[in-house]
Amino acid sequence: MLKLWVYGICIRLVVIVLGEWMDEISSEVKYTDIDYWVFKDAAKKILSGESPYRREGYRYSPIFAFVLLPEVIWDLRGLGKMIFATVDAIAIGPGIAELCYSRGLSKIQSKQIALYGWILNPLAINICTRGSSEAIIVAIVIVAFLSMYRDCFFITGILLGIGTHVKIYPILHIPAFALALTRFQYRCISFLSGAAFGFIIPTWISMQMYPSEYIDAAILHHVHRIDHKHNFSLFWLPFFLLQESDSTSFYQYLFIRFLSTSFTLLIQIAVLYYLAKRDLIACTFAQTILLVTFNKVCTAQYFVWWFPLAVICVSGALNLKNKYSYYTYSLLFRVAVLWTAALAAWLTVAYQLEFRGAQVYFLLWLLSILFFVINLYVFVVVLRLSLGRSSQINFPSFFCCCDDEKKVKTK
């Protein structure tokens, strides 16, 4: 694991330095995520005795502002990025390796999958080194799986409760974990108690510190938020047209909101019912990618919510002892190329729209539709490989069917 940590941290530190240099020489496209500057300004507000929510655009838990306090206090540029990158390297990468090992792979294969699937993954490197905080929430979810594997159900609940406080979306995973534990009532109660504790305590503290501001900015804002600017979501153009129209009715808005939530809600329920007791990691992957794909707002940071879970899901199918492993590698390579090409095409057109003023709204929306379809294809492929692995390898564990056995040798 030490080598994974070293590789991950060194690569990310180099990219952070290059990113800072790029910000200095480029006046048009900045490498640093805009959210990072929001976090930093919010930290300055705290240091001056004000509320972080006085910083326009700060719509998050106060935790992120406090994380950047050391950078503000000591005036160390990029320190916050280093914190996010370190969490990404030492928690997510090795966590993936351990979870892959729990699914029947050798230690060497598990480390290789973690290395190439996450540590050296350009998407993972880019997101954390730009100053995005997503590494923290993804690390919380990964560590929650690890704690469950060690029978620490109360700790698992606390972690997912904290994750829900920090970013809301892990609340989807709490029913899945609970359903996977229903055969063991005391374990389920312990988990749910921990989840309630993990969510209520930091939320209560935040409400005491910043009463009305926290609720309005960090909770209610995300419920009624509509981002009419272009993003990866299938629904950005309809919302944009509604925003620009003078004759927009409330019912038109409700209809689009209904389309963006009803279908995915039905699929979420089906996924929860079918997968939670069969393969918990596959279930949480399916929940997350469906949420991101059907969400009314979708940005590049959201992809790292489901990507590490996808790596773990397909790891069993990548076992070199599996006679179908060559087919699996070939299939995953094609899927990766297809997904990356669609992403690159969307970003290219979005650049022309945002920085060159080109009127390419419809073309960009068509690419959003294409990207939507490809994400659904990724969803199908990953689940197919994960469930295929579950049927070929007999190893029930808490990640598959919650038996007491930690590991059963493959046939």
Residues which pass ring-ring contact (aromatic ring centres under 6.0 Å, His included) with [X], listed by chain and number, not counting sequence neighbours:
| X | value |
| --- | --- |
| Phe64 | Phe39 |
| Phe197 | none |
| Phe303 | Phe232, Trp339, Phe371 |
| Tyr186 | none |

Applying salt bridge (Lys or Arg N to Asp or Glu O under 4.0 Å) as the test, list every pair that has at least one member in residues 165-181; sequence neighbours left out.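 Salt bridge (Lys or Arg N to Asp or Glu O under 4.0 Å) check on residues 165-181 returns Glu134-Lys167.
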
Over 12 foreign heavy atoms within 6.0 Å of CD, Gln185: no

Inspect the surroundings of OH in Tyr351 and state if more than 12 heavy atoms from other residues, nucleotides or ligands are less than 6.0 Å away.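 Yes, the 6.0 Å shell around OH holds more than 12 heavy atoms from other groups.
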
Identify the two heavy atoms, one from [X] and one from [Y], that lie closest to each other, and give their separation to 0.1 Å.
| X | Y | answer |
| --- | --- | --- |
| Asp279 | Ser386 | OD2-OG, 3.1 Å |
| Thr293 | Leu376 | CG2-CD2, 4.2 Å |
| Tyr58 | Pro52 | CB-O, 3.7 Å |

Which residues satisfy the salt bridge (Lys or Arg N to Asp or Glu O under 4.0 Å) test with Glu354, sequence neighbours excluded? none

Set of salt bridge (Lys or Arg N to Asp or Glu O under 4.0 Å) partners for Lys44, sequence neighbours left out: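 Once residues adjacent in sequence are excluded, Lys44 has no partner under the salt bridge (Lys or Arg N to Asp or Glu O under 4.0 Å) criterion.
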
Which residue, Tyr302, Trp305, Trp306, forms the ring-ring contact (aromatic ring centres under 6.0 Å, His included) with Tyr169?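 That would be Trp305.
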
Applying side chain to side chain donor-acceptor pair (under 3.5 Å), name anything that partners Glu24, two or more places apart in sequence or on another chain. Arg77

Output all residues satisfying side chain to side chain donor-acceptor pair (under 3.5 Å) with Ser147, sequence neighbours left out; order by chain, then residue number. Thr156

Are [X] and [Y] packed together at the side-chain level, in the sense that at least one heavy-atom pair is separated by less than 4.5 angstrom?
| X | Y | result |
| --- | --- | --- |
| Val138 | Phe307 | no |
| Val29 | Phe355 | yes |
| Val378 | Val335 | yes |
| Lys296 | Leu234 | no |
| Trp236 | Val297 | no |
| Phe145 | Phe177 | yes |
| Arg130 | Ser132 | no |
| Leu275 | Leu280 | no |

Donor-acceptor contact present, side-chain Ser233 to main-chain Asn295, <3.5 Å: yes

Ignoring hydrogens and angles, tell me if any N or O in the side chain of Lys45 forms a donor-acceptor pair with the backbone of Glu50 under 3.5 Å. no

For residues 194-207, which residue pairs qualify under side chain to side chain donor-acceptor pair (under 3.5 Å), counting only residues two or more places apart or in two chains?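 Passing the test, one end in residues 194-207: His165-Thr203.
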
Which pairs pass side chain to side chain donor-acceptor pair (under 3.5 Å) with one or both residues in residues 120-129, sequence neighbours excluded?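 Listed once each, the pairs are Tyr31-Thr129.
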
Looking just at side-chain N and O atoms, do Tyr36 and Glu71 make a donor-acceptor pair shorter than 3.5 Å? yes

So, is the end of the Arg55 side chain (NZ or CZ) under 6.0 Å from the ring centre of Tyr53 and within 45° of the ring's axis?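 Not satisfied by the 6.0 Å and 45° rule.
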
With a 3.5 Å cut-off and sequence neighbours excluded, list the donor-acceptor pairs that the side chains of residues 83-94 form with protein atoms.
from	atom 1	to	atom 2	distance (Å)
Thr86	OG1	Met82	O	2.6
Asp88	OD1	Arg12	NE	2.8
Asp88	OD1	Arg12	NH2	2.8
Asp88	OD1	Trp118	NE1	3.1
Asp88	OD2	Trp118	NE1	3.4

Please test Thr32 against Trp37 for side-chain hydrogen bond (donor to acceptor under 3.5 Å, both in side chains), starting from the C-alpha separation and ending with a verdict. CA-CA 8 Å; Thr32 302; Trp37 300 114; 4.7 Å; no

Determine, for Glu98 against Lys111, whether the closest basic-nitrogen to carboxylate-oxygen distance falls under 4.0 angstrom. no

N-O pairing of Arg54 and Glu213 below 4.0 Å: yes

Step by step, work out the ring pair (Phe, Tyr, Trp, His ring centres under 6.0 Å) result for Phe154 and Phe191. CA-CA 5 Å; Phe154 186 71; Phe191 165 75; 9.9 Å; no

